[in-house]
Number of protein chains: 2
Amino acid sequence: MPVAPASPSNNPLIRRLDNYARLSAEDRAAVQRLCAEKVQRFAAKDDVIREGEEPRVIRLVVDGWACRYKHLEDGRRQVVGLFLPGDLCDLNVFVLREMDHFVGAITALTLAQITRDAFEEATLAHPRLLQSLWWDSLVTMAIQREWLLNLGSRTAFERITHLLCEIFLRLRAAGRARGQSCEFPLTQAIIADIAGLSTVHVSRTFQAIRDERLVEIRNRVMTIPDIDALMAASLFNPNYLHLSHEGRHLDANDAPGDVAPTV
Amino acid sequence: MPVAPASPSNNPLIRRLDNYARLSAEDRAAVQRLCAEKVQRFAAKDDVIREGEEPRVIRLVVDGWACRYKHLEDGRRQVVGLFLPGDLCDLNVFVLREMDHFVGAITALTLAQITRDAFEEATLAHPRLLQSLWWDSLVTMAIQREWLLNLGSRTAFERITHLLCEIFLRLRAAGRARGQSCEFPLTQAIIADIAGLSTVHVSRTFQAIRDERLVEIRNRVMTIPDIDALMAASLFNPNYLHLSHEGRHLDANDAPGDVAPTV
DNA sequence: CGGTGACTTTAACCTATGTTGCGCGGTGGG
DNA sequence: CCCACCGCGCAACATAGGTTAAAGTCACCG
């Protein structure tokens with residue numbers, strides 16, 4: 001994976017915010033500065049922040065995957081959110097006194113810590129940026145709602161295919177997909193905790209998915225030969241990702257890696 | 001239910017925001033003005049806003065119950081959020097171009113519409129109010145996460161008792177409970193759509209709840225004889241409601257209707 | 001090169017929850 | 001006053017998904 005030099009659009013956060021509104025060069029530079037502010041690294045499976053702790057900074061995923069999770073007294077565990085590169089933890093968390101959930105690294109993880117002051121300074125100077133960040137925050141809420149629909153109403157097969165579909169589209173929006181493929185470091189155990197299933201049943205379900213040749217996962221890389229078929233199988237309605245500005249359509253293959261759009 | 005005269009603390013939104021930070025008399029007056037701005041009424045089961053429509057205003061529940069819901073192509077329906085009196089739809093919704101879900105009235109409903117301009121004017125003049133509204137918004141997200149835990153990891157019995165517990169505590173925080181009782185207009189069908197269960201199983205589960213004498217529902221009034229027992233049965237951890245400021249504790253019976261606190 | 005641990009697969013069996021369908025009682029409209 | 005409808009309860013049966021346990025695969029490591 002060759003990393004292009006100083007082009008801002010390699011920054012997955014900028015790529016994502018661009019889905020909402022074109023940022024100016026200054027806006028982009030401001031994001032870059034925020035991302036570089038104070039970098040923090042975690043090993044896979046480490047906790048970034050624990051339930052009960054006081055939130056002090058906004059965190060931004062520069063690289064790697066993480067998740068929010070909760071558990072019940074008796075140990076049952078539920079993943080309630082997924083952070084992909086370019087994702088942002090809640091704006092304004094400072095307002096709360098205490099975390100009500102954990103954030104844990106799934107893979108090796110690089111985070112940027114953004115202080116309240118740096119954030120306020122940046123958004124004051126770049127109102128368009130602030131708008132984009134609100135958009136991001138509302139999309140996060142929309143994803144949570146879609147996950148509720150997933151857990152409450154979809155079958156195991158639909159839940160997992162829906163999840164795979166969402167991950168692919170989110171990564172593509174962050175400039176992290178190439179063609180029909182993207183990185184995929186999730187184990188079946190984590191998928192079980194996301195989908196509210198047992199690991200055994202996740203395994204069973206993956207066989208069915210393989211049988212229908214909807215998805216192929218090998219060496220931590222996921223390939224989706226026919227995204228429309230996958231979307232149909234999972235009853236996937238992309239509206240909740242709110243990516244459709246400029247008349248863009250998700251089923252158009254409009255993000256072919258790092259190639260510039262033809263428009 | 002006698003309505004006391006002009007006391008601002010009858011406003012459920014003010015009551016709720018007071019859980020986060022004491023508002024000044026001016027802040028309260030500003031909230032009152034927002035609530036009175038433009039009132040809109042709906043009959044039970046009407047839709048307030050539909051998927052695909054453009055969000056233009058912030059809405060505030062003055063009276064009645066409503067819910068957010070989504071559905072799948074084949075008709076399966078999932079309620080993904082509950083609005084109780086004093087609840088607020090998402091700040092900043094304007095940023096999105098299109099609703100990804102429905103909002104529907106459960107009971108007869110009175111809403112206040114707050115325009116973007118009125119909102120900005122009020123929060124500019126009352127920064128403490130803005131903070132409280134962010135707190136509210138973060139609590140809404142926290143509730144969504146807890147619901148994910150509910151659907152993904154709890155049994156039917158736990159899901160329903162947890163829901164009842166949450167409703168009671170939220171109503172109490174809005175000054176809408178009296179002693180161990182509160183209004184309760186939900187049918188078993190709606191509870192089924194919230195909990196991701198069939199109506200038949202909701203009915204079965206309510207029998208078990210009745211057998212254990214955890215909750216009594218009669219004439220649209222719910223009574224919880226022993227909230228600690230109910231919390232234990234549902235593995236309820238109140239931290240996600242973020243009500244605990246000032247060392248307040250939820251298990252203290254600290255909101256006995258409209259009586260002033262003893263402190 | 002063999003060992004250890006993390007992940008996945010498989011099989012047998014179990015149970016929570018879904019489905020269908022019917023009956024009952026209250027309530028509101030004509 | 002009666003009918004229709006809605007919300008609820010109940011029973012019989014069907015099934016998706018959970019549980020337990022054992023074995024297979026692979027990658028890394030000493």
Side-chain angles (χ1 to χ4, degrees), chain A residues 43-46 65 72 74-78 104-108 150-164 184-211 215-222 233-235, chain B residues 43-46 65 72 74-79 105-108 150-164 184-211 215-222 233-235:
Chain A
K45 311 216 171 177
D46 278 3
W65 293 31
L72 298 176
D74 62 7
R76 279 172 278 177
R77 174 179 130 113
Q78 181 68 38
I106 292 175
T107 65
N150 225 9
L151 290 179
S153 300
R154 277 191 256 252
T155 65
F157 186 92
E158 291 159 352
R159 282 184 217 178
I160 294 179
T161 49
H162 187 278
L163 174 68
L164 300 179
F184 193 82
L186 299 186
T187 64
Q188 292 189 359
I190 296 182
I191 293 174
D193 286 344
I194 295 173
L197 299 166
S198 66
T199 57
V200 173
H201 200 59
V202 170
S203 173
R204 284 199 275 251
T205 307
F206 261 110
Q207 302 204 46
I209 295 173
R210 267 182 248 123
D211 287 351
V215 176
E216 192 180 317
I217 295 175
R218 218 166 29 200
N219 293 328
R220 317 195 125 212
V221 172
M222 170 165 72
S234 58
L235 305 182
Chain B
K45 311 214 172 180
D46 278 4
W65 293 30
L72 298 177
D74 63 5
R76 280 172 277 175
R77 173 180 133 116
Q78 181 67 39
V79 170
I106 293 175
T107 65
N150 225 10
L151 290 180
S153 299
R154 278 190 255 251
T155 64
F157 186 92
E158 291 160 353
R159 282 184 218 178
I160 294 179
T161 48
H162 187 278
L163 174 68
L164 301 179
F184 192 82
L186 299 187
T187 64
Q188 292 188 358
I190 295 183
I191 294 173
D193 286 343
I194 295 174
L197 298 166
S198 66
T199 57
V200 174
H201 200 60
V202 171
S203 173
R204 283 200 275 254
T205 306
F206 261 110
Q207 302 204 47
I209 294 173
R210 265 181 249 123
D211 287 351
V215 176
E216 193 179 316
I217 295 174
R218 218 165 30 201
N219 293 328
R220 317 196 125 211
V221 171
M222 170 166 70
S234 58
L235 306 182

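Order of the sequence lines fixes the chain letters, A, B, ..., with proteins taken first and strands second; residue numbering starts at 1 for each chain. Keep in mind that this is a model prediction, so the values were computed, not measured.
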Rounded distance (Å) that lies between atom P of dT25(D) and atom CZ of Arg218(A): 17 Å

Do nucleotides 17-30 of chain C as a string where each nucleotide becomes B, S or -: B if the base has a protein heavy atom under 4.0 Å, S if just the sugar-phosphate does, - if no protein is that close. BBBB----------

So how far is it from Thr155(B) OG1 to His162(B) NE2, rounded to the nearest 0.5 Å? 11.5 Å

Roughly how far apart are Ile160(B) CD1 and Gln188(B) CD, rounded to 0.5 Å? 8.0 Å

Rounded to whole Å, CD1 of Ile191(A) lies from P of dT9(C) at a distance of 11 Å

Correct closest heavy-atom pair for Leu197(B) and Ala156(B) would be CD1-CB, 3.7 Å

Checking the side chain of Glu158(B) only, and the main-chain atoms of Ala233(B) only, is there a donor and an acceptor separated by less than 3.5 Å? no

With distance as the sole test, does Glu216(A) use its side chain to make a donor-acceptor pair with the main-chain N or O of Met222(A) at under 3.5 Å? no

note: Gln188(A), atom CD; dA6(C), atom P; distance rounded to Å ~ 16 Å

Spatial distance of atom OG (Ser153(B)) from atom CG (Asp193(A)) [nearest 0.5 Å]: 7.5 Å

In whole Å, what is the span from the CD atom of Gln78(A) to the P atom of dG18(D)? 11 Å

Atom-pair distance (CG on Asp193(B); P on dG7(D)), nearest Å: 12 Å

If we ignore hydrogens and angles and just use 3.5 Å, is the side chain of Thr199(A) paired with the main-chain N or O of Ala189(A) as donor and acceptor? no

Check: Thr161(B) and Val215(B) side chains under 4.5 Å, non-hydrogen atoms: no

Is any side-chain N or O of Ser203(A) closer than 4.0 Å to OP1 or OP2 of dT8(C)? no

Could you tell me the separation between the CG atom of Leu151(A) and the C1' atom of dG18(D), rounded to a whole number of Å? 16 Å

Would you classify Arg76(B) as touching base, sugar-phosphate or nothing, given that sugar-phosphate means primed atoms plus P, OP1 and OP2, and contacts are heavy atoms under 4.0 Å? nothing

Arg159(A) side chain to Arg154(A) main-chain N or O, any donor-acceptor pair under 3.5 Å? yes

Bracket notation of DNA chain D in which parentheses pair within the strand, [ ] cross earlier pairs, and | pairs with another strand (Watson-Crick or G-U, under 3.5 Å): ||||||||||||||||||||||||||||||

To the closest 0.5 Å, what do you measure between CZ (Arg220(A)) and CG (Leu186(A))? 9.0 Å

Considering just the side-chain nitrogens and oxygens of Gln207(B), establish if one lies under 4.0 Å of OP1 or OP2 belonging to dC8(D). no

Under 3.5 Å: donor-acceptor pair, side chain of Thr205(B), backbone of His201(B): yes

Separation of dT8(C) C1' from Ile190(A) CD1 (nearest whole Å): 14 Å

Can you tell me if the side-chain N/O atoms of Arg210(A) get under 4.0 Å from OP1 or OP2 in dT9(C)? yes

Please write out each protein N/O paired with an N/O of nucleotides 28-30 of chain D under 3.5 Å, distance rounded to 0.1 Å.
none

Please give, in whole Å, the distance from dC7(C) P to Phe184(A) CZ? 14 Å

With a 4.5 Å limit on heavy-atom distance, are the side chains of Ile190(B) and Thr187(B) in contact? yes

